[in-house]
Structures are given as structure tokens and as C-alpha cells.
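Proteins come first, then strands; the chains are lettered A, B, ... in the order of their sequence lines, and each starts at number 1. Just so you know, these numbers come straight off a predicted model, no measurement behind them.
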2 protein chains.
Amino acid sequence: MNTASLPQLLNALSRAMLFEQRQAAVGAGLLPVQLAMLGYLRDANRYSNMPQCLAEYLGLTKGTVSQSLKILEERGWVLRQPDGADRRVVRLTLSEAGLTALERADDDAWRIAAQHLPANERERLRSLLTRLLSSWQQERNGKTFGVCRTCRHFRQGESSHQCGLTGEALSEADSEQICREHNLA
Amino acid sequence: MNTASLPQLLNALSRAMLFEQRQAAVGAGLLPVQLAMLGYLRDANRYSNMPQCLAEYLGLTKGTVSQSLKILEERGWVLRQPDGADRRVVRLTLSEAGLTALERADDDAWRIAAQHLPANERERLRSLLTRLLSSWQQERNGKTFGVCRTCRHFRQGESSHQCGLTGEALSEADSEQICREHNLA
DNA sequence: CATTTATAGTTTCGATTCGATACTTTAATT
DNA sequence: AATTAAAGTATCGAATCGAAACTATAAATG
């Protein structure tokens with residue numbers, strides 16, 4: 001009695017997140033999509049900072065992304081550099097101004113809300129959500145995006161880590177960035 | 001090690017939900033907003049089925065809602081009736097066609113994903129999410145929407161229930177509908 | 001009771017987003 | 001060498017969405 005079903009809760013959560021993001025965006029004087037782009041570019045690793053990745057991550061076409069990026073670049077929030085190896089691709093990075101714009105919008109309602117839960121329950125919630133997301137991912141078996149360290153290909157070492165997919169060495173900072181090849185463990 | 005933080009998970013969950021909703025909408029030949037409107041109207045109780053509620057629920061202006069409703073009505077998915085008591089307000093209901101359009105789009109990826117969790121863990125997840133959402137709600141102390149039965153004003157009786165806010169009697173069916181005055185227990 | 005204010009909703013207008021398509025350039029494949 | 005694939009841009013049009021003005025009704029205030 002008096003309990004909401006899991007789908008209902010997920011729905012409510014989703015709406016709450018949207019609400020927060022909209023609030024944060026208008027508070028910083030930008031559009032939700034633009035804020036989402038800045039947020040992604042802050043966290044994306046060096047194999048995931050191309051326009052194409054933004055399109056996949058946000059579910060937009062590359063044409064739309066290209067246009068939005070033009071605006072972000074005009075305002076000096078995003079820098080584009082041609083890639084050294086493949087001259088078709090463009091590397092995107094946040095400028096200082098972009099980073100401060102993003103931080104101004106950074107929202108902590110969820111952090112505060114989460115602190116109302118005791119630490120052990122937070123931990124349990126994290127674990128359960130991880131498994132739920134992982135199941136969803138398998139159900140949809142679509143490519144997803146996530147933080148490198150939480151990927152099933154992530155190999156933790158003592159001093160340095162490694163990507164089991166590319167074999168590449170990963171610094172501590174690398175491990176905290178978003179990767180397009182991510183697969184939740 | 002190898003754990004995603006709670007904010008990261010919430011973010012991923014939110015994107016996954018958006019993805020699902022978009023998929024469901026285009027699959028049914030309608031726009032995400034339209035699908036969201038139909039879904040809300042199916043579940044809204046008799047005090048929450050006005051255009052204004054839709055605007056609040058979806059975070060749109062009433063102008064936008066009015067325009068989208070016009071389309072939904074033209075297609076025969078939504079019915080509008082003037083309210084008996086207050087002649088300013090319009091009561092919205094789903095037509096049969098609207099209901100079938102909605103059911104065609106009804107998506108079960110989450111249901112399936114949730115079934116990968118054992119029942120006791122689903123229950124635990126539900127409980128934790130409820131508390132997290134409740135905390136968020138208090139943090140933002142904004143009006144929210146939720147199913148009547150899960151409201152702190154809901155008074156459960158043996159044969160019939162009651163709303164502690166309006167004092168009104170609530171049928172079993174009433175208790176399962178979305179109310180604009182909802183406050184998570 | 002008259003006047004003012006608030007509320008629900010519609011309409012119009014314009015800005016902006018977003019997708020579809022065609023196109024350019026470069027890389028990969030055959 | 002020729003073909004195909006991929007990354008990105010540009011252009012165009014449709015449609016969303018918000019802002020503001022407007023109508024009609026209800027509530028509040030004097």
C-alpha cells in the first residue's frame with residue numbers, strides 16, 4: 001500500500017531530471033541542448049569528442065549537431081581542431097568560457113537529495129540502478145555511453161589501467177571520462 | 001572500483017528513458033510530446049485533466065499545450081468537454097482511438113529489464129527510489145504529480161479511501177490516477 | 001453591488017530547433 | 001585505380017515552442 005510502481009518511479013525520475021536540466025540551462029542563459037553538449041564535451045574522452053559522438057549521445061542527427069556546434073563556437077564556448085591522423089574528423093574541446101558557463105549551471109539538487117539517504121542505502125541504490133541499466137542495455141543491445149572506469153572492458157592495474165578493447169593504457173584521468181564504446185559491467 | 005556514481009547513473013537513466021520514449025513515439029507515428037500527453041491523460045484523475053495541468057506536468061506553456069491539443073483533437077485522439085461548474089475550464093479525455101494509439105506505443109523494455117532483478121531487489125529499488133524522489137521533491141519544494149495512492153494525503157480505508165486534502169471519497173480506480181496535488185509520502 | 005483582479009484558455013507571431021537531403025572531402029576497401 | 005564508406009557542412013522546410021495580446025469567466029475587494 002502507498003507504493004508507486006517501478007515504471008511510475010522511473011517516469012517520475014525522468015521528468016524530474018528534465019526539469020532540473022531545463023532549470024539549469026535557462027539559469028545559465030542557454031538552451032537545454034547546448035548545456036547537454038557542454039556537459040558531454042567536458043567528460044568525453046579523446047575517442048569520443050567528435051560531432052558524431054554528440055549526435056549519437058544526444059539522439060540528434062549530425063546536421064542538427066553541426067548547426068548547434070556552430071552557435072557554441074561563435075560564442076566561444078567550444079573549440080574545434082582538426083584531427084592529426086584523420087583529416088575528416090574534428091576534435092571538440094570546451095574553452096575556459098565554456099567550462100565556466102557549464103559550472104555556473106551545475107546543479108546540485110540531486111546531490112543534496114541523495115545526501116538525505118544514509119551512505120549504505122546510497123550504495124545499495126547505486127548497485128541496483130547499475131544492474132537495472134545494464135539489463136536495459138542488454139535488452140536493447142544498443143551502443144551506450146558511460147564513464148570508462150565502469151565499463152566491462154576496463155582493466156584495473158596498480159599504477160595504471162588498461163582498456164581491454166583497444167589494449168591501450170589509461171591514466172587515472174582517462175578512466176573518469178565518457179567513452180562511446182562503453183558497456184556497463 | 002568499477003562503479004558509476006549516483007549522479008552518473010541518474011543521468012544515464014534519464015537518457016535511456018528519453019531514448020525509449022522517442023522510440024515509442026516514432027513507432028506509433030506521433031511526436032514525443034504527443035505521446036506524453038496521451039499517456040498523461042490516460043492516467044490523470046478528474047481534477048487533473050485540464051490543459052493547464054498538462055502544461056505544468058510537461059513543463060510547457062499553455063499556448064504550446066493548446067496548440068498541441070488542437071492537433072490531437074483533430075486526429076480524434078482527445079476529446080474536450082466544457083466543465084459543468086466552471087465554464088472557463090475544459091475537461092480532456094482520451095478517445096478510444098487515442099487509447100489504442102497509446103497502447104500501440106506502450107513500451108515494455110523497462111518492464112523486461114526490471115524482471116532481470118529478483119523480486120526482493122526490485123522491491124528494495126522501489127523503496128530507495130521513492131525516498132530519493134521524495135527528498136528531491138522537498139529540496140525543490142515544487143508541486144509534483146503522482147499517483148493518488150502514493151500521496152501523503154491518501155487515507156486508506158477498508159472498503160473505500162479518502163483524500164486527506166479535500167476530504168473526498170476515493171474509489172479504487174481513483175486511487176490509481178495521477179493527481180496534480182500529489183505529494184510523495 | 002460594482003470594480004478590480006485573477007484564472008483558464010485561445011490565437012497570432014516569430015524565433016529556433018530539428019530532420020531530410022544533397023554535397024564535399026578524406027579514408028578504407030576491393 | 002576505382003569504388004564505397006565515413007565525417008562533416010550547408011540548405012531548406014516543417015514543426016515546436018514561447019511570448020504576448022486577447023476573450024471569457026470566476027473570485028476578491030471595496
Legend entry - Under 4.0 angstrom between A:Thr64 side-chain N/O and C:dG19 OP1 or OP2: yes
Inset, instruction - Send over the distance from B:Leu60 CG to C:dG9 P, rounded to a whole Å. - result: 14 Å
Legend entry - Pair B:Lys70 + B:Glu73, salt bridge at N-O below 4.0 Å: no
Inset, instruction - Output yes when B:Arg124 and B:Glu121 qualify as a salt bridge under the 4.0 Å nitrogen-oxygen rule, no when they do not. - result: no
Inset, instruction - Using atom CG of B:Leu92 as one end and atom C1' of C:dT10 as the other, report the distance to the nearest whole Å. - result: 13 Å
Inset, instruction - Mind calculating the distance between CD (A:Gln67) and P (D:dT11) to the nearest angstrom? - result: 10 Å
Inset, instruction - State whether a side-chain donor-acceptor pair under 3.5 Å links B:Gln34 with B:Trp77. - result: no
Legend entry - Nucleotide C:dC18, atom P - distance to CE of A:Met37 in whole Å: 8 Å
Legend entry - Side-chain donor/acceptor of A:Ser135 to backbone N/O of A:Arg131, under 3.5 Å: yes
Inset, instruction - Check whether any side-chain nitrogen or oxygen of A:Thr61 sits under 4.0 Å from OP1 or OP2 of C:dC18, and answer yes or no. - result: no
Inset, instruction - Identify which nucleotide among C:dT11, C:dA8, D:dA7 has an atom closest to any side-chain atom of A:Val89, counting heavy atoms from C-beta outward. - result: D:dA7
Inset, instruction - Could you tell me whether B:Ala55 contacts a base, only the sugar-phosphate backbone, or nothing, with contacts defined as non-hydrogen atoms closer than 4.0 Å? - result: nothing
Legend entry - Spacing of A:Lys62 atom NZ relative to C:dT21 atom P, expressed in whole Å: 13 Å
Inset, instruction - Take the protein atom CZ of B:Arg22 and the nucleotide atom C1' of C:dT17, then report the distance between them rounded to whole Å. - result: 13 Å
Inset, instruction - Could you say whether A:Leu31 or A:Asp86 is positioned toward the 5' end of DNA chain C, judged by the nucleotide with the nearest heavy atom to each? - result: A:Leu31
Inset, instruction - Give a yes/no answer on whether the side chain of A:Arg80 brings an N or O atom under 4.0 Å of OP1 or OP2 in D:dT9. - result: yes
Inset, instruction - Let me know the distance between CE of A:Met50 and P of C:dA27, rounded to the nearest Å. - result: 14 Å
Inset, instruction - Taking A:Arg42 for its side chain and A:Leu94 for its backbone only, find out whether a donor-acceptor pair lies under 3.5 Å. - result: no
Legend entry - Distance test, side-chain N/O of B:Arg87 to OP1/OP2 of D:dT25, below 4.0 Å: yes
Legend entry - Base C:dA27 to side chain A:Arg88, donor-acceptor N/O within 3.5 Å cut-off: no
Legend entry - Nucleotide D:dT25, atom P - distance to CD of B:Gln52 in whole Å: 18 Å
Inset, instruction - Would you mind classifying the nucleic acid contact of B:Val65 as base, sugar-phosphate or nothing, using non-hydrogen atoms under 4.0 angstrom? - result: nothing
